[in-house]
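Input: a single structure, listed below in structure tokens.
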Amino acid sequence: MFDLTGKVAVVTGGNGGIGLGMAGALARAGATVVIAGRNAEKSSQAVADLKTQGWSADAIEADVTDEHQVARLFQEVMVRHGRLDILVNNAGSTVRKAPEALSLQEFLQVMDVNLTSTFLCCRAAHALMKVGGSGKIINIGSMLSLLGAPYAAAYGASKGGVVQFTRSIATAWAAHNIQCNAVLPGWIDTELTQGARQQVAGLYEKVLARTPAGRWGEPADLAGIAVFLASGASDFVTGTAIPVDGGYSIA
Ligand code: NDP
């Protein structure tokens, strides 16, 4: 039910953090994973690490905010691997400032990386998945798809958008046998949140105190949901937004 042998998956930002955690899980389940990121060195290292485990992986350099680079990415996936079954839109970034201190450029940059890239990659993937007869799309939201935070107006707007966008494409593409779901990670220990911990005093302890599971998450905590939403086990699951947060969002 969870076997991904013969499937091809693209994971944006799959060269580190949560993306690499999910890429590893998909590869372990049998998929060939294509990592799409800007930093070619980081991507090559991630591919080497996955291959060392005996798994199938590849990297294609792409800035997923750029329409032309996204088109080239999916063309290249078809040239090298001949099919596309799974897309994980994980690339993300933030600018931590009070809303009134955000410049237009900063606001749009966060929207572009988190939301516009998701649209561009989903649109390109849909064309291939429709022809292929099936597909699985996993869009990475956040706790800030649900909650507000004073330093995350652009990030929260983009991640709320990711959930609503996911619901819309789920309804549009169900008839093409493409299931589209969002995953909302809680506080996961990655480069992104290490940056937040440096900027926000006491963040580590505050998250611990509020998380019923009593710990921060690790990229490996996203492995199970990635395989579930990428596999036949979730064929009747679409349009959902699933928190993976140790209970943070309900406490
Ligand atoms: P990281 O900063 O560790 O990873 C972000 C990844 O996104 C990098 O691999 C980076 O690759 C890639 N990326 C950024 N911009 C672009 C771009 N324009 N084109 C291609 N790739 C890009 O962050 P996390 O692993 O923590 O976060 C991954 C996702 O999970 C993000 O969407 C984030 O918002 C979300 N999230 C994270 C949480 C956490 O607690 N860590 C909580 C909730 C959500 P490269 O350097 O090669 O560009």
Side-chain angles (χ1 to χ4, degrees), residues 10-25 33-47 49 59-70 72-74 87-96 108-121 138-147 149 152 154-163 165-166 182-198 200 203-204 206-208 210-211 213 215-223 225-226 241-246 248-249:
V10 169
V11 182
T12 71
N15 55 17
I18 289 175
L20 184 53
M22 291 185 136
V33 172
V34 180
I35 287 173
R38 291 168 305 180
N39 184 330
E41 204 180 314
K42 224 167 99 186
S43 297
S44 302
Q45 186 56 55
V47 167
D49 290 348
I60 298 174
E61 201 176 324
D63 178 338
V64 290
T65 65
D66 182 306
E67 185 174 16
H68 299 293
Q69 291 191 40
V70 168
R72 192 189 50 81
L73 163 67
F74 288 94
L87 168 64
V88 182
N89 283 300
N90 162 81
S93 70
T94 189
V95 175
R96 277 178 213 90
L108 293 177
Q109 178 202 327
V110 173
M111 295 300 280
D112 274 355
V113 177
N114 297 344
L115 183 57
T116 309
S117 71
T118 298
F119 159 65
L120 291 173
C121 291
I138 303 169
N139 294 330
I140 306 304
S142 165
M143 287 297 95
L144 294 167
S145 299
L146 307 171
L147 309 170
Y155 185 81
S158 69
K159 291 297 189 175
V162 164
V163 169
F165 177 74
T166 303
V183 171
L184 316 183
W187 286 92
I188 314 294
D189 189 9
T190 66
E191 268 179 36
L192 191 78
T193 48
Q194 276 154 21
R197 275 152 67 173
Q198 278 161 13
V200 184
L203 178 64
Y204 181 79
K206 279 183 200 159
V207 169
L208 271 192
R210 178 172 165 173
T211 305
R215 66 174 177 86
W216 276 60
E218 298 164 14
D221 286 314
L222 281 300
I225 195 82
I242 303 176
V244 179
D245 64 350
Y248 184 91
S249 58

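As the structure lists them, so they are numbered: ligands from 1, and atoms in each ligand from 1. What's counted below: heavy atoms across the whole structure, side chains too, no hydrogens, waters or symmetry copies.
For Thr118 and Asn139, the side-chain atoms include no donor-acceptor pair closer than 3.5 Å.
Ring geometry for Tyr248 versus Trp187: interplanar angle over 60°, hence perpendicular rather than tilted (30 to 60°).
Within the structure, salt bridge (charged side-chain N to carboxylate O under 4.0 Å, His left out) pairs that include any residue of residues 184-197 comprise Asp189-Arg197 (at least two apart or interchain).
Taking all atoms of both residues into account, the shortest heavy-atom contact from Asn89 to Cys121 is OD1-CB, 3.1 Å. Leu144 approaches Ala152 most closely through the heavy-atom pair CD1-CB, 3.6 Å.
If you take OG1 on Thr65 and CD on Glu67, they are separated by 11.0 Å, rounding to the nearest 0.5 Å.
Ordered by chain and residue number, the residues placing a heavy atom less than 4.0 Å from ligand 1 are Gly13, Asn15, Gly17, Ile18, Gly37, Arg38, Asn39, Lys42, Ala62, Asp63, Val64, Thr65, Asn90, Ala91, Gly92, Val113, Ile140, Gly141, Ser142, Tyr155, Lys159, Pro185, Gly186, Trp187, Ile188, Thr190, Glu191, Leu192, Thr193.
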